Number of protein chains: 2
Amino acid sequence: MEVTTADTQATEIREAAKKIITVPPDSFALCPVRDILDRIGDKWSLLSILHLGSTDSLRFNELRKRITGISQRMLTVTLRALETDGLVARTVYAEVPPRVEYALTGLGQSLLAAVIELGNWAAAHAPAIAEARERMGRVAA
Amino acid sequence: MEVTTADTQATEIREAAKKIITVPPDSFALCPVRDILDRIGDKWSLLSILHLGSTDSLRFNELRKRITGISQRMLTVTLRALETDGLVARTVYAEVPPRVEYALTGLGQSLLAAVIELGNWAAAHAPAIAEARERMGRVAA
DNA sequence: CCGCATCCGAGATGATACTG
DNA sequence: CAGTATCATCTCGGATGCGG
């Protein structure tokens, strides 16, 4: 695995892509990528995961303060979805002033790791994308 | 790098998450991950990339046939967006029956590689997610 | 303090008809 | 063949008020 590494990799990628799109379109496995993207591709899921991943656990309103611009409703909705998928753990303390702690599960942490990988790609290629947008902008806009 | 690999990695992830959420909220770099997700997180971009990545190049209607359920309009919109970001190359042949070929650029291929990584995570953890959904389903639904 | 229910506007998506 | 234009729809997200 020393020579033609790039070519080998390119072939593998193509095969992986083929495999993904050949899956029948009516199962959870339809496209694992699609499914994950539908989950974290919305407006707030990723930010929530990021914030939860940067600490051990956070209370509802603590999280609300940190995620600039999120509404109460969307924080609730987002956290519920993440909880449903086993990415976030919700702990309720039956105290007089209700207290609820949210934290990433092991599954959530592993997802965060994967997403940060994607983030590294994004950070590395952001200039190239920005340049492409500039160039197209002058022609089409 | 043999001992406490997991712990080290966990700390790195936490730091990476912190770094990402600390970026000021008004730049392209706001969150490279978010930006990429906004691009490929829509309904058709990822599927388009996947299909284009599984071959060398495809014509418009060829692609349309392969992406089940996409409308002509959305394919156009999606391809234009990907082209704007330099992920897809569009080649027009001025022939009598118009012919337009679409193909992934180098940038697009590298993104595909990153996405497939995420796909591997998704495929590996799909059972865990399905199980979590089941469990929550019985409680909440 | 935490969170749910309802209502509503904006943007994304889809169906259809028409053009180079 | 490869789009564009227009209209209808549909889901998401935000504002507000109520309940545990």
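Note that the structure is a prediction, hence the values are computed from the model and not measured. Order of the sequence lines sets the chain letters (A, B, ...), proteins ahead of strands, with each chain counted from 1. Quick note: numbers below take in every heavy atom, side chains included, and nothing from hydrogens, waters or symmetry partners.
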- request: State whether K43(A) places a side-chain N or O below 4.0 Å from either non-bridging phosphate oxygen (OP1 or OP2) of dG14(D).
  value: yes
- prompt: According to a strict under-4.0 Å criterion, is R64(A) in side-chain N/O contact with OP1 or OP2 of dC2(C)?
  reply: no
message: Whole angstroms only, please: what is the CG-P distance between L75(B) and dT4(D)?
response: 11 Å
query: With sugar-phosphate meaning primed atoms plus P, OP1 and OP2, does Q72(B) contact a base, only sugar-phosphate, or nothing at under 4.0 Å between heavy atoms?
result: base
message: OP1 or OP2 of dG3(C) versus the side-chain N and O atoms of T76(A): is any pair under 4.0 Å?
response: no
- request: Using atom CD of E83(B) as one end and atom P of dA2(D) as the other, report the distance to the nearest whole Å.
  value: 15 Å
query: Within this structure, what is the NZ-to-C1' distance between K65(A) and dC1(C), rounded to whole angstrom?
result: 11 Å
message: Any side-chain to backbone donor/acceptor pair from T84(B) onto R133(A)? Under 3.5 Å, distance only.
response: no
query: Is the distance from OP1 or OP2 of dC1(C) to the nearest side-chain N or O of N61(A) less than 4.0 Å?
result: no
query: With distance as the sole criterion, is a donor-acceptor pair present between the side chains of E101(A) and S57(A) under 3.5 Å?
result: yes
task: Let me know the distance between CG of L47(B) and C1' of dT13(C), rounded to the nearest Å.
output: 15 Å
Polar side-chain atom of T78(B) near backbone of W44(B) as donor-acceptor pair, under 3.5 Å: no
query: Counting N and O atoms only, with roles assigned by atom type, does the side chain of S45(A) sit under 3.5 Å from a partner on the main chain of D42(A), one being a donor and the other an acceptor?
result: no
- prompt: Roughly, in whole Å, what's the span from CG in D38(B) to C1' in dA12(C)?
  reply: 13 Å
Closest-nucleotide ordering on DNA chain D, the 5'-leading residue of G69(A) and R59(B): R59(B)
task: Tell me whether the OP1 or OP2 atom of dG3(D) has a side-chain N or O from Y102(B) closer than 4.0 Å.
output: yes
Rounded distance (Å) that lies between atom P of dG14(C) and atom CD1 of I67(B): 12 Å
- request: Tell me which nucleotide among dG14(D), dG3(C), dG20(D) gets nearest to the side chain of M74(A).
  value: dG14(D)
d(CG, D42(B); C1', dT13(C)) in whole Å: 11 Å
- request: Answer yes or no for R90(A) and Y102(A): cation-pi contact, defined as NZ/CZ to six-membered ring centre under 6.0 Å and angle to ring axis within 45°.
  value: no
- request: To the nearest Å, give me how far apart CG (L63(B)) and P (dG3(D)) are.
  value: 11 Å
field: Short side-chain N/O contact to dG17(D) OP1/OP2 from R73(A), under 4.0 Å
entry: no
message: Judged by each residue's nearest nucleotide on DNA chain C, which is more toward the 5′ side, R80(A) or P97(A)?
response: P97(A)
